[in-house]
Amino acid sequence: MPSSSRPESPPRSRPPTISLAAYCRCGAMTSARGLFDGMRDPDVVFWTTLMSGYAASGRSREALSLLRAMELSGVQPNVVTLSTAASACARLADAGLGRQVHARTEVAGWSGNAVCATALVDMYGKAGRVEDARAVFDGMDAPARNAVSWGAMLAAYTQNALGNEAIQLFAELRTNGRGLAPNQFMLSSVVSACAGVARLGIGKCVHGAALRLGQGNDEVIAVALVDMYSKCGCYEYSRKVFDRIDQPSLIPYTSIIVSAAKYGHGRWALALFSEMVDQGVQPNDVTLLGVLHACSHSGLVDTGLQLLRSMQSKYGIAPCPSHYTCAVDMLGRAGRLEEAFELAMEAQVEGNEALLLWNSLLSACRTHKRLDLATLAGQRVLEFNQDVASGLVLMSNAYASVGQTGNADAVRSGMRRRGIRKDPGCSWIEVKDTPYVFYAGAISCAGARTDEVLTLLDELECKMRERGYKGRLGRARVSDGHEDDGDEGKGVMVGVHSEILALGFGLLVLPKGMTIRVMKNLRMCCDCHEAFKLISVIVEREFVVRDLNRFHHFQMGSCSCSDYW
DNA sequence: CTAGGGTTAG
């Protein structure tokens with residue numbers, strides 16, 4: 001505060017509008033309320049000021065209750081009031097309340113107002129109603145759609161995991177955007193969209209555009225880029241973008257730590273974490289989850305446990321279910337299943353989060369062939385009686401892994417009988433910015449090149465046998481239940497796993513020397529992992545596979561995960 | 001008095 005030469009005047013001698021707004025801006029809502037309550041007949045601007053004060057302080061319910069109160073007192077909301085109300089509904093992610101606000105803007109004839117409509121787009125987006133958001137966006141007159149409107153719609157897609165739709169809309173900006181230039185909001189959303197759907201080609205283009213548009217120093221865009229490169233299998237690029245950030249704050253550090261973790265670079269992640277702490281940047285719960293994740297994926301089990309035990313005292317952050325789940329997973333991955341069980345019991349996690357925790361334990365039991373504990377964990381999972389599909393698949397896999405194929409098949413056929421299905425496993429690969437998706441046993445995506453892919457895979461299998469490969473790339477391999485190749489009761493025979501098909505296609509169509517990047521919506525299985533290692537030697541190429549939850553970088557017969565994942 | 005962006009286990 002600069003010192004004033006004038007004598008101090010008490011706040012209440014100023015015009016009340018200014019005082020009320022000032023209190024609201026400082027978040028001094030008790031004072032704001034006191035001033036407001038002392039007014040005789042507050043007009044719509046006072047009401048709206050108070051409302052936006054509550055909304056900005058995160059007190060959205062109180063903001064919305066003012067809407068009713070002002071009407072009871074006979075004051076009609078204006079377009080600003082309703083925009084503020086829509087934004088409060090957005091924070092609450094409440095489409096029901098938001099729809100009421102929407103209806104009132106229509107009745108009052110303000111649907112053409114850019115600010116109001118944009119607030120509604122954001123509200124529907126945050127409430128998970130993307131189609132409603134798009135309807136409002138499309139309903140705006142083209143001239144009314146400004147940069148903020150485009151940014152809100154792009155964010156709505158990105159935040160609802162509709163990355164391809166966001167990319168598509170960003171392309172439409174060029175044609176229908178009336179010359180609007182992409183700004184930092186649009187760019188960060190689109191980069192984040194590319195991350196979500198692992199579209200490296202588009203992501204690189206947007207990166208270039210951001211640099212040309214002078215947005216190379218925007219920290220939010222940089223974070224999105226770090227995340228995008230990491231999710232597309234380019235850790236080195238992530239690192240380069242991160243290293244260019246001046247004085248990285250919490251989120252950039254968190255983002256690069258998570259990236260390193262996904263690559264199995266546990267030591268780097270820990271080094272970045274101490275650098276961050278040394279720089280005086282306080283970690284939050286997400287950061288600590290990332291560090292735990294790093295320990296988990298690099299086998300730094302005792303370091304991870306120490307962190308879990310000290311995060312409250314050292315950083316003032318109490319472990320929440322996600323931290324426990326990560327630590328349980330870490331112990332399970334390392335084969336320390338008794339300790340994992342103890343921790344899972346200790347965590348006292350409930351509800352949906354408990355389901356995740358026990359599912360990961362069950363998965364570890366299967367990996368380490370501990371049927372005794374798998375049965376226990378399986379019971380806990382099935383108690384939840386929801387998302388049973390993944391639990392049942394894990395149970396079936398646990399039986400199969402110890403050779404009890406009869407039991408495994410019984411679980412599977414029970415699932416079929418009850419109509420329980422799991423999302424089919426699929427892998428995809430980007431060729432000239434177009435994704436090609438492959439399902440297990442179904443090669444149709446390769447189109448005219450199907451036969452070539454199959455021939456190539458046969459040839460590779462022969463060469464792999466010469467090097468001692470015992471498995472099969474496909475055809476008659478007995479199912480490990482890992483990836484379903486469809487229905488009709490033939491669960492014991494699977495075709496080729498989808499990542500092998502994607503790889504075969506990539507080998508055919510991508511130029512020699514280019515790293516082949518395969519994305520997969522499930523975890524990679526051990527057989528395919530071995531196969532990728534061997535093929536990387538045979539064809540002398542590098543492959544990156546993005547798993548459901550991490551990366552494998554294959555090079556000359558070995559993988560970045562050192563077979564620990 | 002009003003609208004938009006980034007990180008999160010399995």
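Per chain, numbering begins at 1; letters A, B, ... match sequence-line order.
- Rounded to the nearest 0.5 Å, atoms CE (Met153(A)) and CE (Met140(A)) are 11.5 Å apart.
- Asp227(A) and Ser230(A) are not linked by any side-chain donor-acceptor pair at a separation below 3.5 angstrom, with hydrogens and angles left out of the test.
- The phosphate of dG6(B) (OP1 or OP2) has a side-chain N or O of Gln159(A) nearer than 4.0 angstrom.
- Of the candidate nucleotides dA3(B), dG6(B), dT7(B), dT7(B) has the atom lying nearest to any side-chain atom of Val286(A).
- A close approach under 4.0 Å does occur between a side-chain nitrogen or oxygen of Arg333(A) and OP1 or OP2 of dG10(B).
- Of the side-chain N and O atoms in His297(A), one or more sit less than 4.0 angstrom from OP1 or OP2 of dG10(B).
- Checking the phosphate oxygens (OP1, OP2) of dG10(B), a side-chain nitrogen or oxygen of His293(A) falls inside 4.0 Å.
- A donor-acceptor contact closer than 3.5 angstrom links the side chains of His102(A) and Tyr124(A).
- For Ser188(A) and dG5(B), a side-chain-to-base donor-acceptor distance below 3.5 Å is present, hydrogens and geometry of angles not being considered.
- Among dG5(B), dT7(B), dG10(B), the nucleotide with an atom closest to any side-chain atom of Ala155(A) is dG5(B).
- Base engagement by Asn183(A) is indicated by at least one non-hydrogen atom pair under 4.0 Å involving a base atom.
- Residues of residues 126-135 of chain A that place a heavy atom closer than 4.0 Å to DNA chain B, in numerical order, are Lys126(A).
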Begin from the C-alpha positions of Phe273(A) and Tyr253(A) and carry the test ring-ring contact (aromatic ring centres under 6.0 Å, His included) through to its verdict. CA-CA 8 Å; Phe273(A) 180 59; Tyr253(A) 268 116; 9.3 Å; no

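- Residue contacts shown for Asn146(A) include a base, since a base heavy atom lies under 4.0 Å away.
- Each of dG4(B), dG6(B), dT2(B) was ranked by its minimum atom distance to the side chain of Val223(A); first place goes to dG6(B).
- When the salt bridge (Lys or Arg N to Asp or Glu O under 4.0 Å) test is applied to Arg33(A), the partners found at least two apart in sequence or on another chain are Asp37(A).
- For Lys262(A) and dT7(B), the shortest distance from a side-chain N or O to OP1 or OP2 is not below 4.0 Å.
- Here dC1(B) presents its P atom at 10 Å from CG of Leu20(A), a figure rounded to the nearest Å.
- Distances shown here put a side-chain N or O of Ser192(A) below 4.0 Å from the OP1 or OP2 atom of dT7(B).
- Base contact: Ala114(A) has a heavy atom under 4.0 Å from a base atom.
- Judged by atom type and distance alone, Ser83(A) reaches the base of dT2(B) through a side-chain donor-acceptor pair under 3.5 Å.
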